[in-house]
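Contents: one structure, followed by commentary.
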Number of protein chains: 2
Amino acid sequence: MGKQMTEMLKGTLEGIVLALLTGNPAYGYEITTSLRAQGFTEIAEGTVYALLVRIEQKGLVDVEKRPSEKGPPRKVYTLNARGEKELNEFWNTWSFLSERLEQLRREGN
Amino acid sequence: MGKQMTEMLKGTLEGIVLALLTGNPAYGYEITTSLRAQGFTEIAEGTVYALLVRIEQKGLVDVEKRPSEKGPPRKVYTLNARGEKELNEFWNTWSFLSERLEQLRREGN
DNA sequence: ACCACTACATAGTAAAACTAGGTAGCACTA
DNA sequence: TAGTGCTACCTAGTTTTACTATGTAGTGGT
């Protein structure tokens, strides 16, 4: 992956995953696949699992273990109230940054 | 500054500074002030200077020392050809990320 | 038994913004 | 002339997060 993208994902990837989870519980492997399907082709599996551990420890998601038809049991993550609040703040931060940048791009400043 | 913003700035702050410099040479202190005026109220001075050292070492800017009316001499940074190329790539990366995120926000996915 | 695929997990590394200071030049004033 | 305030630059050490690289396990097919 481009180094630029790598750095830019810091701080946004967590939000992206939270957004993916809204109204749509999912497990790690599924999230990785989903991200890749959406164009983040080179996200490392390890990155996603580490992130999921983080948001679980922060208490943003509820976790449930479910047996899988194939392979080891899945850890299904569901966004909870705190996660929704965090996601909300993420969108606010994002909006601010996004507006600044669009302005800069327009002005050629 | 919010921790979220801190993390989100990683990978974008450099682009923001490059964008500020297009057609508008500036020195560190000026850039810091300018950033704050544009709403990035809590950007630390040290952060900007470290970033300027980085982009100078990468050869994205030309540097010229100019005496100041008040205080020590200023280091004026001018975006060069390599810097413009880098800025272009930055906008591409940003556009990609931005589009993904806007889509996610719309879909409520 | 072996392989392919699913699925989760972790140790160590790199990059970037932070905190928390420091140095230095100039102007004004008590 | 000592002190204060503003301008201006710089650095050492910390934290966070995504990365690489690897390991563990379960299931099904050959």
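Here the structure is a predicted model, which means the values were calculated and not measured. Each chain gets a letter, A, B and so on, in the order the sequences are listed, and its residues count up from 1.
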Original post:
Of all the nucleotides listed (dC19(D), dT6(C), dA8(D)), which has the minimum atom distance to the side chain of Tyr29(A)?
Top reply: dT6(C)
Original post:
Within the pair Arg74(A) and dG26(D), is there a side-chain N or O less than 4.0 Å away from OP1 or OP2?
Top reply: no
Original post:
Of all the nucleotides listed (dA7(C), dT7(D), dT20(D)), which has the minimum atom distance to the side chain of Pro72(B)?
Top reply: dT7(D)
**OP:** Write down the distance between CG (Leu9(B)) and P (dC18(C)), rounded to a whole number of angstrom.
**Re:** 6 Å
Original post:
Would you call the rings of Phe40(B) and Phe96(A) parallel, tilted or perpendicular if under 30° counts as parallel and over 60° as perpendicular?
Top reply: perpendicular
Subject >> Whole angstrom value for the distance that separates P of dA7(C) from CD of Glu64(A) >> reply: 15 Å
Original post:
To the nearest angstrom, how far is Met5(A) atom CE from dC19(D) atom C1'?
Top reply: 15 Å
Original post:
Would one find a side-chain N or O of Arg54(B) under 4.0 angstrom from OP1 or OP2 of dA17(C)?
Top reply: yes
**OP:** Measure from CD on Glu69(A) to P on dC5(C) and round the result to the nearest Å.
**Re:** 17 Å
Subject >> Atom-to-atom span, CD of Gln57(A) to P of dA9(C) - whole angstrom >> reply: 11 Å
Original post:
Does Glu45(B) or Tyr49(A) map to a spot on DNA chain C nearer the 5' end, using the closest nucleotide for each?
Top reply: Tyr49(A)
Original post:
Roughly, in whole Å, what's the span from CG in Leu35(B) to P in dA8(D)?
Top reply: 15 Å
**OP:** Measure the CE-CD1 distance between Met5(A) and Ile43(A) for me, rounded to the nearest 0.5 Å.
**Re:** 8.5 Å
**OP:** For Leu51(A) and dT10(C), give me the distance from atom CG to atom P, rounded to whole Å.
**Re:** 14 Å
Subject >> Position toward the 5' end of DNA chain C (nearest nucleotide), Gly71(B) or Lys58(B) >> reply: Lys58(B)
Original post:
Is any side-chain heavy atom of Tyr77(B) closer than 4.5 Å to a side-chain heavy atom of Asp62(B)?
Top reply: no
Subject >> Thr6(A) side-chain proximity, nearest of dC19(D), dT7(D), dA9(C) >> reply: dC19(D)
**OP:** For the side chain of Thr47(B), starting at C-beta, report the closest nucleotide among dC10(D), dC18(C), dA7(C).
**Re:** dC18(C)
Original post:
What nucleic acid atoms does Gly11(B) come within less than 4.0 Å of, heavy atoms only: base, sugar-phosphate, or nothing?
Top reply: sugar-phosphate
**OP:** Report yes if at least one side-chain N or O of Lys75(B) is closer than 4.0 Å to OP1 or OP2 of dC10(D); otherwise report no.
**Re:** yes
Subject >> Approximate separation, where rounding is to 0.5 Å, of Ile31(A) CD1 and Glu45(A) CD >> reply: 11.5 Å
Original post:
When only distance counts, do a donor and an acceptor, one from the side chain of Lys10(A) and one from the base of dT17(D), lie under 3.5 Å apart?
Top reply: yes
Subject >> Worked check of side chain to side chain contact (heavy atoms under 4.5 Å, CB included) between Glu84(B) and Leu60(B) >> reply: CA-CA 8 Å; Glu84(B) 273 170 38; Leu60(B) 307 179; over 6 Å; no
Original post:
Which nucleotide, dT6(C), dA17(C), dT7(D), lies nearest any side-chain atom of Leu13(B)?
Top reply: dA17(C)
Original post:
How long is the line joining CD of Gln4(B) and P of dA17(C), in whole Å?
Top reply: 17 Å
Original post:
Given dT17(D), dA17(C), dC8(C), which nucleotide is nearest the side-chain atoms of Glu7(B)?
Top reply: dT17(D)
**OP:** Kindly determine whether Ser95(A) and Arg105(B) satisfy side chain to side chain donor-acceptor pair (under 3.5 Å), including the steps that lead there.
**Re:** CA-CA 11 Å; Ser95(A) 296; Arg105(B) 174 140 68 172; 3.0 Å; yes
Original post:
Ser68(A) side chain N/O closer than 4.0 Å to the phosphate oxygens (OP1, OP2) of dT6(C)?
Top reply: no
